[in-house]
Amino acid sequence: MTLLDYLAATLLLAGAVFFLAGTLGLLRFPDVYTRLHALTKADNVGLGLTVAGLAVQAESWQVVGKLVLIWMLVLLAGASVAHLIARGALHKGIRPWTP
Amino acid sequence: MIIVEILHFTLAVFLLLNLGAGMWRVLRGPTAADRMMAAQLFGTTAVATLLLLAQATGTSAVRDIALMFALLAAISAVAFVRLTWPEEENKDDLA
Amino acid sequence: MNAVFLYALAGVGLVGLALHALIVHASLLRKILAFNFMGSGVFLTMVALARRAGGEHPDAVPQAMVITGIVVAVAATALALNLMLELGATTRDDVLPDDDRA
Amino acid sequence: MVKLAFDGLVVLLLLWLAWQTLACADLFKAILQFISFSLVMALAWVRLDALDIALAEAAIGAGITGALLLAALARLRASLDGNLSGDGASPDGREVLPVRGLILAGVALATAGLGYAVLSLPETAPGLSQQIEARLGDSGVGSRVTAVLLNFRGYDTLLEMVVLMLALVSVKTFSSTRHAGAAPQDVLQVLSRVVVLPLILVTAYFLWAGTDGHGGAFQAGSVLGAAGVLLLLSGWRLPSPHTGVPLRALIAAGPGLFVIVALVTLLLQGTLLTYPPAYAGSLILLLEIAATFSIGATLAMLFLGGLPGDEDRP
């Protein structure tokens with residue numbers, strides 16, 4: 001394995017850790033808003049690191065471009081959905097968790 | 001199988017296990033928003049899994065499927081927020 | 001047993017699950033879901049068995065039929081959902097009028 | 001080994017999701033699980049080298065069908081006002097245990113029979129792949145699936161377009177609701193504006209890619225339909241001058257062109273939908289463009305037909 005392969009593997013593993021963190025947060029956090037926070041970490045950072053890891057190994061710049069495009073589309077969808085759900089939840093009277 | 005391929009498939013298996021674990025939130029709720037959120041996470045997980053498969057098997061067209069998922073990721077959540085969000089939380093109307 | 005038969009049997013399992021649900025559930029929406037699963041099961045078995053052609057390219061005929069099938073299934077689902085909704089608006093119920101289980 | 005673990009996990013997830021969808025008490029939960037099922041199904045198609053199907057599944061299963069089901073559940077809840085038998089109630093009412101046992105045994109027997117039939121098939125079977133390879137050069141396209149869909153078995157696609165149109169006509173006939181636009185939420189407007197342009201570009205991309213790679217009229221049409229669904233969800237409606245003849249013409253374009261080509265080939269060649277190899281490529285592209293617009297418009301209109309209306313017509 002070359003140095004680039006190691007870099008890619010590290011990024012991919014870090015991405016997987018964020019997916020795990022997102023799932024754990026989704027399972028363990030106390031209310032809608034905190035779970036939403038955990039979810040967006042998996043969306044943004046988990047997929048971001050996965051895309052970065054794959055981009056390092058990519059065979060051409062076109063592939064890198066497609067990977068980044070996919071990431072940005074997921075970011076856009078994730079951000080909009082998180083906003084819509086959070087605002088809807090507030091509007092519907094789901095109260096944020098207080099420790 | 002070369003080592004990179006094994007790594008990618010292992011990570012794909014790991015992501016699938018994550019998805020299975022996330023099903024717990026869909027099943028348990030408690031609010032409809034929680035269930036929808038978990039389903040949203042599955043979409044992202046599927047995108048990541050497809051990208052890993054594309055790289056592992058050298059099939060570039062698999063990235064197009066990930067692109068399709070990324071483009072349509074918001075549709076079911078939007079349909080939920082606009083139409084289906086039930087009054088279980090309170091009786092306010094969506095409109 | 002290789003992955004081809006694994007997926008083919010999964011398709012058979014889906015058909016079985018869906019057939020059972022189609023019979024025992026009175027709710028029409030659930031029947032529509034079951035009908036969709038049955039379709040998916042049939043598609044999965046067809047395409048898995050098409051993979052037996054081996055070589056670089058699987059048999060394209062079953063694949064083409066399944067693509068047609070997916071689009072027809074979504075159209076049929078839309079029609080079935082609409083009929084269910086019109087029935088619901090008329091009878092205020094989501095089961096068939098002659099279904100005495102509800 | 002890892003591959004087999006992946007396949008096994010995909011299959012387990014598929015069966016578990018299907019089981020949960022059909023058995024769980026809450027219909028909203030069931031629909032979400034159905035959408036998740038489609039996601040996993042797309043992974044299964046990728047593993048089976050059926051990338052064209054995976055594309056269609058991604059666009060339809062995870063996009064349009066999910067939205068259709070969620071819209072239908074919303075309307076069902078509104079019109080039944082809490083009288084949903086699928087919500088909460090377990091399937092059986094008066095049925096006695098022996099009857100349920102008998103049903104279970106019958107279904108198990110049928111499933112076991114199907115499983116036996118599948119397992120008794122030979123390990124390898126070429127199917128029609130050799131015939132396809134032999135005639136691919138004459139088909140006018142490089143993609144095997146597109147060649148089958150638009151050339152070798154073009155009549156399938158012709159009838160499929162007619163089925164789609166019939167479904168829409170039926171929905172329109174039975175539907176008693178009228179649809180007007182709703183005030184869109186600002187974020188939703190931004191989202192739909194930002195996403196619809198890439199969706200339309202991707203439609204063109206899949207249409208083009210279908211000739212030699214993976215994609216084609218069905219996938220492109222599904223993406224176009226999904227774009228329409230997103231626009232409809234964000235409150236946009238087709239301006240009224242376009243809803244009459246232009247929309248109908250768009251929907252009829254696909255099947256119409258197919259029928260014309262079928263008639264012309266029948267007159268000139270004596271057989272239905274047999275293209276002269278010299279023109280096959282351009283004819284297929286033309287048919288695919290028309291089919292894409294028709295499929296997209298039909299799917300979006302099918303979704304509109306299931307949307308909650310503003311007021312019920314008498």
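Neither the backbone nor the side chain of L76(A) comes within contact range of chain B, judged by heavy atoms closer than 4.5 Å. Looking at T10(B), there are no atoms closer than 4.5 Å to chain A (heavy atoms on both sides), in backbone or side chain. Heavy atoms closer than 4.5 Å to chain B are found in the side chain of L67(A), but not in its backbone. Proximity to chain B (any heavy atom under 4.5 Å) is shown, for Q62(A), by neither the backbone nor the side chain. Contact annotation for L15(B): only side-chain heavy atoms (C-beta onward) come within less than 4.5 Å of a heavy atom of chain A. Neither the backbone nor the side chain of A82(A) comes within contact range of chain B, judged by heavy atoms closer than 4.5 Å. For F29(A), the part sitting under 4.5 Å from any heavy atom of chain B is the backbone (N, CA, C, O) and nothing else. Interface remark: L51(B) contributes backbone and side-chain atoms alike to the contact with chain A (heavy atom separation under 4.5 Å). Contact annotation for L11(B): only side-chain heavy atoms (C-beta onward) come within less than 4.5 Å of a heavy atom of chain A. No part of L72(B) comes within reach of chain A, as not one of its non-hydrogen atoms sits under 4.5 angstrom from that chain.
Taken from CG in L52(B) to CG in L12(A), the straight-line distance is 6.0 Å, to the nearest 0.5 Å. To the nearest 0.5 angstrom, M36(B) atom CE is 12.0 Å from L36(A) atom CG. In this structure, T31(B) OG1 and I85(A) CD1 are separated by 9.0 Å, a value rounded to the nearest 0.5 Å.
Heavy atoms only, all atoms of each residue included: A70(B) and L73(A) are closest at CB-CB, 3.9 Å. For the pair A33(B) and V32(A), the tightest heavy-atom approach, listed with the atom from each and the gap, is CB-CG1, 4.2 Å. In terms of heavy atoms, K66(A) sits closest to R63(B) at CD-CB, 3.9 Å. Counting all heavy atoms, side chain and backbone alike, R35(A) lies closest to P30(B) at NH1-CD, 3.9 Å.
Using a 4.5 Å cut-off on side-chain heavy atoms (C-beta onward), R25(B) and T23(A) make no contact.
Tested against T44(B) for a side-chain contact (heavy atoms from CB on, under 4.5 Å), the candidates L47(A), L39(A), N44(A), T40(A) yield a single pass: L47(A).
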- Message: Evaluate R82(B) against L84(A) for side-chain contact (heavy atoms from CB on, under 4.5 Å), listing each step before the verdict.
- Response: CA-CA 9 Å; R82(B) 292 282 283 173; L84(A) 286 171; over 6 Å; no
- Message: Let's go through L71(B) and I70(A) carefully: what are the C-alpha distance in whole Å and the side-chain angles of both, what is the deciding distance for side-chain contact (heavy atoms from CB on, under 4.5 Å) to 0.1 Å, and is it a yes or a no?
- Response: CA-CA 8 Å; L71(B) 275 168; I70(A) 290 171; over 6 Å; no
- Task: Please assess L20(A) against F14(B) for the test side-chain contact (heavy atoms from CB on, under 4.5 Å), listing each intermediate value before the final yes or no.
- Result: CA-CA 9 Å; L20(A) 178 66; F14(B) 176 75; 3.7 Å; yes
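Among V74(A), T50(A), V81(A), the residue with the largest count of heavy-atom pairs under 4.5 Å with chain B is V81(A). By number of non-hydrogen pairs under 4.5 angstrom with chain B, the leading residue of Q57(A), E59(A), M72(A) is Q57(A). Taking A21(B), A77(B), A54(B) one by one and counting their heavy-atom pairs under 4.5 Å with chain A, the maximum is reached by A21(B).
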